[in-house]
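These notes are about the structure you will find just below.
Hydrogens, waters and symmetry mates are skipped; everything else that's a heavy atom, side chains included, is used. Along the sequence shown, residues carry numbers from 1.
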Amino acid sequence: MRKSAAEIVREYGPFPGVDRVNGVTFDGEHVWFACGEKVTSLDPVSGKTLRSIDVAAHAGTAFDGRHLFQIAEDRIQRIDPESGRVLATIPAPGGGGDSGLTWAEGTLWVGQYRDRKIHQVDPETGAVLRTIESDRFVTGVTWVEGELWHATWEGDESDLRRVDPRTGKVLEKLEMPPGVGVSGLESDGEDRFYCGGGNSGKVRAVRRPRHP
């Protein structure tokens with residue numbers, strides 16, 4: 001297993017009126033982050049927040065190219081980012097113990113915090129298609145270039161892990177500095193991860209290592 005220190009390349013926030021950052025996602029241009037009762041978009045170049053959608057936003061956030069998906073307690077809501085309307089709802093697999101959320105190749109992937117699992121979920125029905133086990137509390141989850149990464153946060157320690165999507169075996173680990181937690185995780189599809197900072201109220205950008 002490859003292990004290294006996470007390289008934090010930028011911090012955003014804390015933001016006015018935001019006590020906690022939960023899920024994060026990226027729509028190709030802007031970062032969206034969940035902060036309790038709203039989802040807010042952030043320009044990653046200027047660092048400024050742009051607009052918010054009033055919707056319950058307690059955990060992971062995802063984007064499928066058209067819609068936002070947002071965990072709200074024991075359900076996952078599909079949201080039109082233009083109008084802010086909730087278009088559909090499916091049950092969340094953890095019944096309220098869900099954490100990270102991402103979209104990949106037509107399905108949702110949902111982190112289970114204390115259950116230490118990642119579920120692949122049918123976005124139309126909520127049916128669990130596959131489950132991967134972890135040995136740490138799972139927070140954020142993301143796919144990038146065929147790689148499955150997830151964040152962990154247990155005690156005072158947090159890291160980003162690349163895992164085998166079939167077995168859950170840890171292939172690579174990026175260790176965050178002590179006391180710096182990761183509550184949500186999303187890739188920009190290139191060389192950085194966006195990480196929710198939990199009760200720090202921040203979003204952090206971490207460099208994704210590229211190996212030959």
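- When side chains are defined from C-beta on, Ser4 counts as touching Leu174, because their heavy atoms get closer than 4.5 Å.
- Side-chain atoms of Arg10 come within 3.5 Å of backbone N or O of Pro44 as a donor-acceptor pair.
- Residues Val21 and Gly196 share a closest heavy-atom pair of CG1-CA, 3.7 Å.
- Side-chain contact check for Thr25 versus Phe69: every heavy-atom pair is 4.5 Å or farther apart.
- In the hydrophobic cluster analysis, where Ile, Leu, Val, Met, Phe, Trp and Tyr join through side-chain heavy atoms closer than 4.5 angstrom, Ile118 is grouped together with Met1.
- The closest donor-acceptor contact from the side chain of Arg208 to the backbone of Gly189 lies at 3.5 Å or more, if one exists at all.
- Of the possible donor and acceptor atoms, none in the side chain of Arg204 sits under 3.5 Å from a partner among the backbone N and O of Val182.
- Taking a 6.0 Å sphere around CD of Glu145, one finds it holds more than 12 heavy atoms contributed by other residues, nucleotides or ligands.
- Separation of atoms CG (Asp135) and CZ (Arg161) is listed at 5.0 Å; rounding is to 0.5 Å.
- Between Gly47 and Leu42, the shortest heavy-atom distance links the atoms O-CD1, 3.4 Å.
- Here the options are Arg210, Lys3, Arg162, the test is salt bridge (charged side-chain N to carboxylate O under 4.0 Å, His left out), and the partner is Glu172; only Arg162 passes.
- By the 6.0 Å contact criterion, CG on Asp19 is open, its count of non-hydrogen atoms from other residues, nucleotides or ligands being 12 or less.
- Counting all heavy atoms, side chain and backbone alike, Val206 lies closest to Cys195 at CG2-SG, 3.8 Å.
- Cluster annotation: Val24 is not connected to Ile8 through the hydrophobic network of ILVMFWY side chains, with a link wherever side-chain heavy atoms come within less than 4.5 Å.
- For the pair Gly111 and Val138, the tightest heavy-atom approach, listed with the atom from each and the gap, is CA-CG1, 3.9 Å.
- When hydrophobic clusters are built by joining Ile, Leu, Val, Met, Phe, Trp and Tyr residues whose side-chain heavy atoms come closer than 4.5 Å, directly or via intermediates, Val121 is not grouped with Val86.
- Heavy-atom contacts from other residues, nucleotides or ligands closer than 6.0 Å to CZ of Arg85 number 12 or fewer.
- In the hydrophobic clustering of ILVMFWY residues, with side-chain heavy atoms under 4.5 Å counting as a link, Ile90 and Ile71 come out together.
- Remark: the backbone N or O of Ala57 is paired with a side-chain donor or acceptor of Asn22 at under 3.5 angstrom.
- Counting only distance, with no hydrogens or angles, the side chain of Gln70 and the backbone of Ala59 share a donor-acceptor pair below 3.5 Å.
- Contact check for His58 versus Glu37: side-chain heavy atoms found under the 4.5 Å cut-off.
- Note on ring orientation: taking the six-membered ring where Trp is involved, the planes of Tyr194 and Tyr12 are tilted (angle from 30° to 60°).
- By the rule that hydrophobic residues join a cluster once side-chain heavy atoms approach within less than 4.5 Å of another member, Val144 and Val141 end up as members of separate clusters.
- Looking at Arg66 and Asp64, no side-chain N of the basic residue comes within less than 4.0 Å of a carboxylate O on the acidic one, giving no salt bridge.
- For an aromatic pair to be called close, the ring centres must be under 6.0 Å apart, and Trp32 with Phe63 fails this.
- From Glu175, atom CD reaches atom OG1 of Thr152 across 9.5 Å, with rounding to the nearest 0.5 Å.
- Although no hydrogens or angles enter the test, the distance criterion places a donor-acceptor pair under 3.5 Å between the side chain of Ser183 and the main chain of Gly198.
- Put simply, CG on Asp159 and CD on Glu154 are 10.0 Å apart, with the number rounded to the nearest 0.5 Å.
- When side chains are defined from C-beta on, Val55 does not count as touching Leu68, because their heavy atoms never get closer than 4.5 Å.
- Counting heavy atoms from C-beta outward, Phe137 and Tyr113 have side chains that approach closer than 4.5 Å.
- Contact of the Glu186 side chain with the Trp103 side chain is not registered, since no non-hydrogen atoms from C-beta on lie closer than 4.5 Å.
- Side chain of Ser158 to backbone of Gly181: no donor-acceptor contact under 3.5 angstrom is found.
- The line from NE2 of His30 to CG of Leu50 is 5.0 Å long, rounded to the nearest 0.5 Å.
- Of all non-hydrogen atoms in Val163 and Leu171, the two that sit nearest each other are C-CD1, 4.0 Å.
- The structure places OG1 of Thr49 at 8.0 Å from NZ of Lys38, a figure rounded to the nearest 0.5 Å.
- Interatomic distance, Trp149 CH2 to Thr102 OG1, rounded to the nearest 0.5 Å: 14.0 Å.
- Residues Leu185 and Thr139 fail the side-chain proximity criterion, which asks for heavy atoms closer than 4.5 Å.
- Using a 4.5 Å cut-off on side-chain heavy atoms (C-beta onward), Trp153 and Ser99 make no contact.
- The shortest heavy-atom contact between Ile76 and Leu108 is CG2-CD1, 4.3 Å.
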